[in-house]
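Input: a single structure, listed below in structure tokens.
Naming convention: chains lettered A, B, ... in sequence-line order (proteins, then strands); numbering from 1 in each chain. Note that this is a predicted model, so its numbers are computed, not measured.
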Amino acid sequence: MGSPSLFSEDQAAAASAAGAPPVSNALLRHLNPEQLAAVTLPAQPALILAGAGSGKTRVLTTRIAWLLQTGQVSPGGLLAVTFTNKAAKEMMARLTALLPLSVRGMWIGTFHGLCNRLLRAHWKQAGLPQSFQILDASDTVSAVKRVIKAMKLDEERFVPKQVSWFIAACKEEGKRPRDVEALDPHTRQLVTIYAAYEDQCQREGVVDFAELMLRSYELLRDNEALAAHYRQRFRHLLVDEFQDTNRLQYAWLKMLAPPGGGQGVFAVGDDDQSIYGFRGARVGNMSDFEREYRVQTIVKLEHNYRSYGNILDAANGLIARNSRRLGKNLRTEAGPGEPVRVHESVSDHAEAQWLIEEAQLLHRGGLARSEIAVLYRSNAQSRVLESALFNAGIPYRVYGGLRFFERAEVKHALAYLRLLENPHDDTSFLRVVNFPARGIGARSVEQLTDAARASGRSLHQSVGAVTGRAGANLAAFNHLILQLREQTKGLTLREIIKRMLDASGLLDFYRTDKDGQDRIENLEELVNAAEAFVTQEGFGKEAVALPVDELRPEGEEAIGADLLPDAETGEIVSPLAAFLNHASLEAGDNQAQAGSDAVQLMTVHSAKGLEFDAVFITGLEEGLFPHENSLSDADGLEEERRLMYVAITRARKRLYLSFSQTRLLHGQTRYNVKSRFFDELPDAALKWITPRTGFQGATSFTPRQAWQHGSSAGAGFQARKEPAPSKLIPKAVPSHGLTVGKAVFHNRFGEGVVVTLEGSGEDTRAEVNFGRHGRKWLALSVAKLTPID
DNA sequence: GACGAGAAGGTTTTT
DNA sequence: CCTTCTCGTC
């Protein structure tokens with residue numbers, strides 16, 4: 001590994017001066033020296049370590065704008081890739097604000113979006129049908145399920161969901177069935193399923209998310225001319241959230257811009273915010289990149305523009321406990337601000353109660369509810385909070401759960417639309433052939449599937465193989481689709497969808513359904529979404545007029561029609577096809593009421609990238625956060641710590657850390673020790689607001705100032721050491737002085753909580769939860785257990 | 001095919 | 001405890 005230099009301010013100034021011709025200062029004026037250094041780096045591999053709240057997106061977009069404005073690259077000559085549609089949209093929006101520019105047709109998008117684009121443009125070479133469909137996660141599981149059924153395997157041993165994970169994991173390692181090393185019989189069988197699943201997908205012309213990546217990787221790997229074309233074309237590649245890339249994504253990048261190829265590869269990431277290791281993200285890609293690309297320049301963005309000092313101290317102090325870091329420390333000029341408030345409660349219920357009162361105070365002090373976030377490690381924790389908020393009549397919004405395009409009714413509608421586009425789409429066919437019910441049962445579907453499989457034809461084509469009543473019903477279904485196809489020719493997208501909703505019987509079905517009202521609203525929303533898509537994306541007359549290669553880099557010759565991506569201009573695809581394409585890659589928002597002023601509830605994972613004035617991190621208990629399932633290895637714990645780091649750095653002004661002595665989980669009361677993270681946070685940044693004695697959701701004793709002045713309220717606080725845990729579950733106390741739920745101290749295991757008491761007299765034994773040391777059974781006659789408090 | 005009883009299982013998740 | 005899915009019945 002080399003030892004890349006760090007840019008100093010002088011170097012930064014020098015770099016911008018020595019770089020391309022001076023640019024209109026407006027673009028660079030508001031950048032700090034580190035940001036400026038990053039933005040104006042020469043065209044070479046570079047790694048930008050962008051801390052939380054350090055203006056990462058600004059650097060990325062300004063970099064693009066600068067490259068364009070200085071004429072170093074044309075819009076068609078750069079590729080910028082993100083993980084989420086949201087990030088891609090944000091980037092395009094900011095870019096348009098910086099430069100008078102049409103971002104349409106530029107290669108800015110998600111990994112999957114860009115792969116899709118490559119595959120649509122080169123479907124032949126990729127071995128796909130022109131109108132291949134994309135399976136979402138649940139489609140993938142159903143498809144795998146069908147394979148397992150067809151292979152007559154036990155669904156207990158081969159759980160479709162897990163098998164689909166296995167397949168995705170293989171693909172994300174770049175492995176086809178023949179590449180997977182199967183050492184045991186079970187894995188061998190999994191690989192057989194994988195192979196059969198591939199056959200089925202190929203037969204049906206569908207690809208799952210992982211396949212989008214793998215297939216386009218292979219496309220480039222196996223077509224030298226094509227790869228050369230794109231390498232020639234993309235002079236600059238920019239990658240967002242580099243720490244979240246998996247093996248395949250990194251390999252894909254290397255295919256587009258091999259080390260030493262002279263292209264600018266601008267990788268932005270934060271190893272401290274890598275929280276997706278469990279699904280294949282490889283932080284190691286950052287150091288691999290540094291090594292393989294012989295990165296000369298690492299720019300660290302450590303100036304934080306989001307949070308006050310105490311919050312950053314907490315974050316820095318915590319993350320410093322991790323080993324294997326690239327090393328970074330956030331700093332601010334905003335002053336210390338308030339201390340981080342720590343609160344202990346007796347139960348999860350009390351925690352919720354306290355939180356609500358606190359949130360009400362903030363709101364009354366002038367803070368918008370939407371500026372208050374309640375974070376938790378796992379979704380199960382939201383219930384108590386939700387019901388408390390609900391009972392208190394406080395508007396709230398829970399992230400997670402079903403997204404718009406994942407809703408059953410929307411997926412049904414999309415399936416009909418897909419059949420209009422392509423009647424041979426078996427996935428869609430199966431989804432709606434009997435929905436709404438039209439007398440085609442499982443038996444007939446099975447018959448039909450067998451016939452189709454035997455003849456190698458689509459379900460649509462095999463309808464004749466089923467006889468009797470069901471056969472007639474199937475024929476009627478086919479007729480319905482074909483007729484609708486005829487009738488909607490030439491109609492606007494809006495009209496097509498409305499017709500379909502009517503003719504399919506979907507609307508009628510939900511009208512009679514008892515809780516169908518919401519679903520009907522969603523279907524209406526689908527019509528609106530389509531309408532909005534047509535207008536936004538310009539799939540009207542205007543778009544057709546836009547030449548496909550408008551943005552082709554200067555001097556690049558046209559190289560044959562099938563080498564030119566259609567650039568989503570609408571020239572090749574119909575609005576319907578484009579909309580379906582859009583719908584399969586964009587899951588949409590997850591809930592309505594997005595606009596209303598509501599307290600935001602979400603997992604720490606979904607909070608990544610967001611920021612709020614006030615943040616509550618709840619359930620900070622051993623076993624929950626850090627989660628017990630991640631404690632088996634050091635890597636797991638480090639990822640939990642990064643997760644906590646992400647959580648802390650979401651807060652702008654006020655941060656609460658909260659834990660509870662008891663929590664109802666899986667129907668059982670659990671007695672937890674407070675999270676080890678409390679021991680790892682700098683005491684000076686914390687302020688314990690739990691009173692020594694009282695319990696039940698007591699609020700802070702500090703005289704509270706109005707929110708507007710809140711940010712400086714921390715000035716006079718005394719940072720006292722954590723108090724002894726307060727008195728807990730009131731119960732009769734036997735002679736040994738212990739009760740279930742009692743906090744105790746053991747010389748070897750440290751602080752713990754009594755979970756069970758058994759026996760009496762000399763024979764009394766206690767099970768104590770020592771958190772990181774696990775649960776221990778101790779004989780009270782032998783073990784020295786000191787009750788705390 | 002709709003409904004209800006009963007069992008299973010319950011970190012984190014975008015595309 | 002509570003949700004989700006499967007299976008059996010009418």
Side-chain angles (χ1 to χ4, degrees), chain A residues 81-88 109-116 134-141 145 155-156 159-162 165 168-169 171-172 207-214 216 240-241 244-246 248-249 274-281 348-349 375-384 386-387 399-403 405-406 434-444 509 512-514 581-588 590 602-609 619 623-632 636 639-640 642-644 646-647 663-670:
Chain A
V81 62
T82 65
F83 272 87
T84 64
N85 290 305
K86 202 175 151 201
T110 62
F111 275 102
H112 297 268
L114 296 181
C115 286
N116 181 41
I134 299 163
L135 304 181
D136 73 7
S138 65
D139 296 334
T140 305
V141 174
K145 197 171 183 171
E155 279 188 48
E156 307 262 290
V159 186
K161 198 189 244 172
Q162 288 170 4
W165 288 341
K171 291 185 179 181
E172 281 162 8
V207 298
D208 59 34
F209 286 135
E211 184 72 22
L212 281 174
M213 279 301 320
L214 181 53
S216 65
D240 190 18
E241 306 275 20
D244 285 339
T245 52
N246 60 34
L248 180 58
Q249 283 156 342
S274 159
I275 56 173
Y276 285 108
F278 68 92
R279 64 166 199 223
D348 46 356
H349 193 77
L375 310 185
Y376 35 81
R377 173 67 236 265
S378 65
N379 285 305
Q381 290 165 251
S382 75
R383 181 147 299 110
V384 200
E386 278 184 69
S387 66
Y399 281 65
L402 281 191
R403 312 279 230 52
F405 285 114
E406 289 167 355
N434 199 34
F435 193 94
R438 34 176 87 84
I440 302 165
R443 274 192 338 274
S444 336
F509 177 85
T512 55
D513 197 54
K514 60 181 185 303
N581 193 17
H582 163 80
S584 45
L585 285 170
E586 159 86 88
N590 53 23
M602 66 193 83
T603 64
V604 179
H605 280 94
S606 21
K608 191 175 165 210
L624 242 197
F625 199 1
H627 198 276
E628 50 201 353
N629 294 2
S630 354
L631 294 179
S632 45
E639 182 149 318
E640 294 289 305
R642 293 194 290 267
L643 204 45
M644 181 66 184
V646 167
R663 187 172 296 276
L664 203 59
L665 198 65
H666 307 335
Q668 283 188 331
T669 305
R670 312 217 328 187

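Distance, A:Gln381 CD to B:dT11 P: 11 Å, rounded to whole Å. Taking atom CZ of A:Phe509 as the reference point, atom C1' of B:dG1 lies 10 Å away to the nearest angstrom. Rounded to an integer number of Å, the gap from CZ of A:Phe435 to P of B:dG1 is 11 Å. Counting to the nearest Å, the P atom of B:dT15 and the CD atom of A:Gln249 are 12 Å from each other. Computed from coordinates, the A:Glu386 CD to C:dC2 P distance equals 13 Å when rounded to whole Å. Counting to the nearest Å, the P atom of B:dG10 and the NZ atom of A:Lys161 are 9 Å from each other. As rounded to whole Å, 15 Å separates atom P of B:dA8 from atom CD of A:Gln162. Atom C1' of nucleotide B:dT11 and atom CZ of A:Arg642 are separated by 15 Å, given to the nearest angstrom.
Here A:Arg642 pairs with A:Glu639 in a salt bridge; the nearest charged N to carboxylate O distance falls below 4.0 Å. In this structure, A:Glu241 pairs ionically with A:Lys608, as a charged nitrogen and a carboxylate oxygen lie closer than 4.0 Å. By the 4.0 Å N-to-carboxylate-O rule, A:Glu172 lies too far from A:Arg279 to be salt-bridged with it.
Between A:Arg438 and A:Thr110, the residue anchored nearer the 5' end of DNA chain B, judged by the nucleotide with its closest heavy atom, is A:Arg438.
No contact: A:Asp348 has no heavy atom under 4.0 Å from any strand.
Taking both residues in full, the closest heavy atoms of A:Ala281 and A:Asp244 are given as CB-O, 3.4 Å, listed atom of the first, atom of the second, then distance.
Here OG1 of A:Thr110 is found 11.5 Å from CG of A:Asp240. Values are rounded to the nearest 0.5 Å.
Contact of the A:Phe625 side chain with the A:Val604 side chain is registered, since non-hydrogen atoms from C-beta on lie closer than 4.5 Å. Between A:His112 and A:Ser216 there is no side-chain heavy-atom pair separated by less than 4.5 Å.
Going from the C1' atom of C:dC5 to that of B:dT12 covers 22 Å, rounded to whole Å. With C1' as the reference atom, C:dC2 and B:dT13 are 22 Å apart, rounded to whole Å.
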Shorter than 3.5 Å, N or O on both sides, protein versus nucleotides 12-14 of chain B: list them out with atom names.
{"residue": "B:dT12", "atom": "OP1", "partner": "A:Asn379", "partner atom": "N", "Å": "2.7"}
{"residue": "B:dT12", "atom": "OP1", "partner": "A:Asn379", "partner atom": "ND2", "Å": "3.0"}
{"residue": "B:dT12", "atom": "O4'", "partner": "A:Arg377", "partner atom": "NH2", "Å": "3.1"}
{"residue": "B:dT12", "atom": "O2", "partner": "A:Arg377", "partner atom": "NH2", "Å": "2.5"}
{"residue": "B:dT13", "atom": "OP1", "partner": "A:Thr603", "partner atom": "OG1", "Å": "2.6"}
{"residue": "B:dT13", "atom": "OP2", "partner": "A:Asn379", "partner atom": "ND2", "Å": "3.4"}
{"residue": "B:dT13", "atom": "O4'", "partner": "A:Arg279", "partner atom": "NH1", "Å": "3.4"}

With the criterion being N/O to N/O and under 3.5 Å, what pairs connect the protein with nucleotides 5-10 of chain C, and how long is each?
{"residue": "C:dT6", "atom": "OP1", "partner": "A:Lys145", "partner atom": "NZ", "Å": "3.2"}

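In this entry the base of B:dT12 is anti relative to its sugar, with a glycosidic angle more than 90° from 0.
Within a 6.0 Å radius of NE2 in A:His349, other residues, nucleotides and ligands contribute 12 heavy atoms or fewer.
Ring geometry for A:Tyr276 against A:His605 counts as tilted: the plane angle lies between 30° and 60°, on a 0 to 90° scale.
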